[in-house]
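Taking it in order: structure first as structure tokens, then the write-up.
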Amino acid sequence: GAVVSQHPSRVICKSGTSVKIECRSLDFQATTMFWYRQFPKQSLMLMATSNEGSKATYEQGVEKDKFLINHASLTLSTLTVTSAHPEDSSFYICSATTLNYGYTFGSGTRLTVV
Amino acid sequence: QQQVKQSPQSLIVQKGGIPIINCAYENTAFDYFPWYQQFPGKGPALLIAIRPDVSEKKEGRFTISFNKSAKQFSLHIMDSQPGDSATYFCAASLSGTGANNLFFGTGTRLTVIP
């Protein structure tokens, strides 16, 4: 089956610093990767869609300069939260997709900005 | 505009009971309807999915009922167990190939009492 590895699972950073979250498809090549943000007891909110080798498409209201997405290969996408602030604290989840396996989600990253 | 509406928000059942979670969608072009299970601090995991050419699908203790004319679908969990206590999300997308975004419902927090 399809496996998506997301790292780190938890990260605490100081306000003003940047944090990078990796999302890897381990046993398949992902045509598209999605990044979501989830607040406590709420649903997943799509932040951006990325395809390998092209710029990410951001949802309305998501700052592309703050949430940098790089999709350098068919198995790796990264989300960098730049100049993080306490309001960026959240649970971030990636999803890698392929025609054969559909949507597979990573295990999520709990970001806490102090 | 909420593309997928989900109810109830929370649900408590006794062990062995059959919790039912309902979802309704707006876009008649949707043709892939998955259900996800999410435990605290983890990413969503696919439980079962259905396409609109069938009215029911069963996988183990999980059953999806689909009503295309009413634009509604539901998840039934047979013989529910305390280990089923989690948050369940319905979703919908175009084609299900992974090229298009998943629209999530708001989630249902299920508690199964021993």
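So you know, we letter chains A, B, ... as the sequences are listed, proteins then strands, and number each from 1.
Within 6.0 Å of CD in Q9(B) there are 12 or fewer heavy atoms belonging to other residues, nucleotides or ligands. A 6.0 Å sphere centred on NZ of K20(A) holds no more than 12 heavy atoms belonging to other residues, nucleotides or ligands. Around atom CZ of R110(A), more than 12 heavy atoms belonging to other residues, nucleotides or ligands sit under 6.0 Å away. Environment of CZ in R10(A): sparse, with no more than 12 heavy atoms of neighbouring residues, nucleotides or ligands closer than 6.0 Å. Residue L26(A) qualifies as enclosed at atom CG: its count of foreign heavy atoms under 6.0 Å is above 12. When the shell of 6.0 Å around NZ of K66(A) is examined, it contains more than 12 heavy atoms from other residues, nucleotides or ligands.
The cluster map of Ile, Leu, Val, Met, Phe, Trp and Tyr, joined by side-chain heavy atoms under 4.5 Å apart, puts L79(A) and V62(A) in the same cluster. Cluster annotation: I93(A) is not connected to M47(A) through the hydrophobic network of ILVMFWY side chains, with a link wherever side-chain heavy atoms come within less than 4.5 Å. When the side chains of ILVMFWY residues are joined at heavy-atom separations under 4.5 Å, either directly or via intervening members, V112(B) and I48(B) end up in a single hydrophobic cluster.
When the heavy atoms of residues 36-43 of chain B are compared with those of chain A, the residues falling under 4.5 Å are Y36(B), Q38(B), G41(B), K42(B), G43(B), listed by number.
Looking at F104(B), the atoms closer than 4.5 Å to chain A (heavy atoms on both sides) sit in the backbone and in the side chain alike. With a 4.5 Å cut-off on non-hydrogen atoms, Q38(A) touches chain B through its side chain but not through its backbone.
In terms of heavy-atom proximity, G105(B) sits nearest to S43(A) at O-OG, 2.6 Å. When all heavy atoms of L102(B) and F105(A) are compared, the pair lying nearest together is CD1-CZ, 4.0 Å.
Chain B forms the most heavy-atom pairs under 4.5 Å with one residue out of N51(A), L46(A), T109(A), and that residue is L46(A).
Inspection of the Y103(A) and N101(B) side chains reveals no N or O donor paired with an N or O acceptor under 3.5 Å.
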